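Heads up: the structure comes next, in structure tokens.
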Amino acid sequence: MAAAIIDGKAFAARLRARVAAAVPAFADAAGRVPGLAVVLVGDDPASAVYVRAKARMTAEAGMAGFEHRLPAATDQAALLDLVRRLNADPAVDGILVQLPLPGHVDEAAVIAAIDPAKDVDGFTPENAGRLATGLPGFVPCTPLGCLMLLKDRLGDLAGLDAVVIGRSNIVGKPMARLLLAESCTVTVAHSRTRDLPAAIGRADIVVAAVGRPAMVQAAWLKPGATVIDVGINRIDAGDGRTMLVGDVDPAAADVAGAITPVPGGVGPMTIAVLLRNTLVAAHRRAGIPLADATL
Ligand code: GUN
């Protein structure tokens, strides 16, 4: 039987609508709208696409956007100086430094300079530690979006076997911690894993975040598994154009119980969760309770 398609695009649109609906009450209470600062260094084309989409959706949610585009040659000290100014700016609730940064910049040092209360990406050591130890904080947007889709589909996740493929700080590690907090039995697989098909074959939940086109084969999946494909890979379509494909073989739709498409699955969730995190940061910073418990 063909898998159900998990419509992340529609879920993300509903989440953005709930965020937008909560902005006027915050503005009434705080005397300002939530503000998100985005820092883009250099001219990586994929990053530029994301930053444009972030700016548009921030405005559509009724929030203030502050965009800082810096040349690729920007040095570490200038970047740290900008982060410190954004930390001190009362109109800024969320700070996002678009990754990857150019090679001459110490990415870890820049991330660590962000005020954890404004770290809507959840990348600072403070927020990563909070997630790891079960304290409230900010959780990276892509894995939190994946968790929202999984809970929407499956309800209670307790006791389920989950495999996360990939161990990045942006997706794999926080995803594993979120699934553990939901009482899943979690395996984190990566490039050195000896028997990936065996690990995947046991899993009720598969989250693929490796960045390799169609590397997860349909035949490896347990029939009925729920598959979350985080991959966004641009490949040559053969006719001179490029196409987007995920980390999971499209034939997985014949084996899985439910699967996210690429595009239109996980991708749209990231910005929707970013806006949600910014709204939450604004409320926490202003000491105003958030009325919508679903956010
Ligand atoms: N690069 C790829 N994904 C992300 C993300 O979620 N946040 C930031 N800041 N950079 C990224």
Side-chain angles (χ1 to χ4, degrees), residues 8 12 15-16 35-58 65-70 72 74 79-80 82-83 86-87 92-103 105-116 118-128 131 137-149 164 166-178 207-212 228-234 244 246-247 260 262-263 265-278 280-281:
L15 178 54
R16 291 199 309 274
L36 172 65
V38 173
V39 179
L40 176 61
V41 184
D43 39 32
D44 176 55
S47 291
V49 170
Y50 296 136
V51 167
R52 258 200 308 279
K54 281 168 194 164
R56 177 169 59 80
M57 291 181 183
T58 302
F66 308 99
E67 213 172 286
H68 296 266
R69 288 171 176 263
L70 305 175
T74 302
L79 201 47
L80 288 174
L82 173 58
V83 169
L86 296 173
N87 284 345
V92 171
D93 296 292
I95 301 170
L96 179 146
V97 177
Q98 184 69 33
L99 304 182
L101 290 170
V105 175
D106 179 353
E107 208 163 85
V110 173
I111 289 170
I114 298 170
D115 177 353
K118 296 188 175 188
D119 172 28
V120 287
D121 252 334
F123 289 170
T124 57
E126 166 83 19
N127 280 313
L131 175 59
F138 289 105
V139 175
C141 303
T142 301
L144 185 53
C146 293
L147 185 73
M148 288 176 180
L149 295 177
V164 178
R167 54 175 155 174
S168 70
N169 290 335
I170 296 182
V171 183
K173 282 184 218 162
M175 187 77 246
R177 288 170 182 145
L178 284 169
V207 181
V210 279
R212 282 173 56 194
I228 304 292
D229 189 348
V230 185
I232 300 178
N233 306 294
R234 285 178 177 74
L244 284 187
D247 291 346
T260 57
V262 177
V266 173
M269 291 298 292
T270 301
I271 295 177
V273 175
L274 173 68
L275 299 177
R276 178 263 177 207
N277 282 357
T278 302
V280 170

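Counting starts at 1 for both ligands and their atoms, following the listed order. These figures come from a predicted structure and were not determined experimentally.
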field: Minimum-distance pair of heavy atoms, taken over all atoms of G8 and L149
entry: CA-CD2, 4.1 Å

Partners meeting salt bridge (charged side-chain N to carboxylate O under 4.0 Å, His left out) with E67 (sequence neighbours left out): R69

N/O contact list for ligand 1, threshold under 3.5 Å:
| unit_1 | atom_1 | unit_2 | atom_2 | d |
| --- | --- | --- | --- | --- |
| ligand 1 | 1 (N) | Q98 | NE2 | 3.4 |
| ligand 1 | 1 (N) | L99 | O | 2.9 |
| ligand 1 | 7 (N) | D121 | OD1 | 3.2 |
| ligand 1 | 7 (N) | D121 | OD2 | 3.2 |
| ligand 1 | 9 (N) | V97 | O | 2.8 |
| ligand 1 | 9 (N) | D121 | OD2 | 2.6 |
| ligand 1 | 10 (N) | L99 | N | 3.0 |

- request: Evaluate the side-chain proximity of V139 to L147: yes if any heavy-atom separation is below 4.5 Å, no if none is.
  value: no

query: So, the side chain of D119 versus the backbone of I114: is there a donor-acceptor pair under 3.5 Å, distance only?
result: no

- request: With C146 as reference, evaluate L178, T270, V273, V230 under the side-chain contact (heavy atoms from CB on, under 4.5 Å) test and give the passing residue.
  value: V230

Closest heavy-atom pair and its distance - L275, M57: CD1-O, 3.6 Å

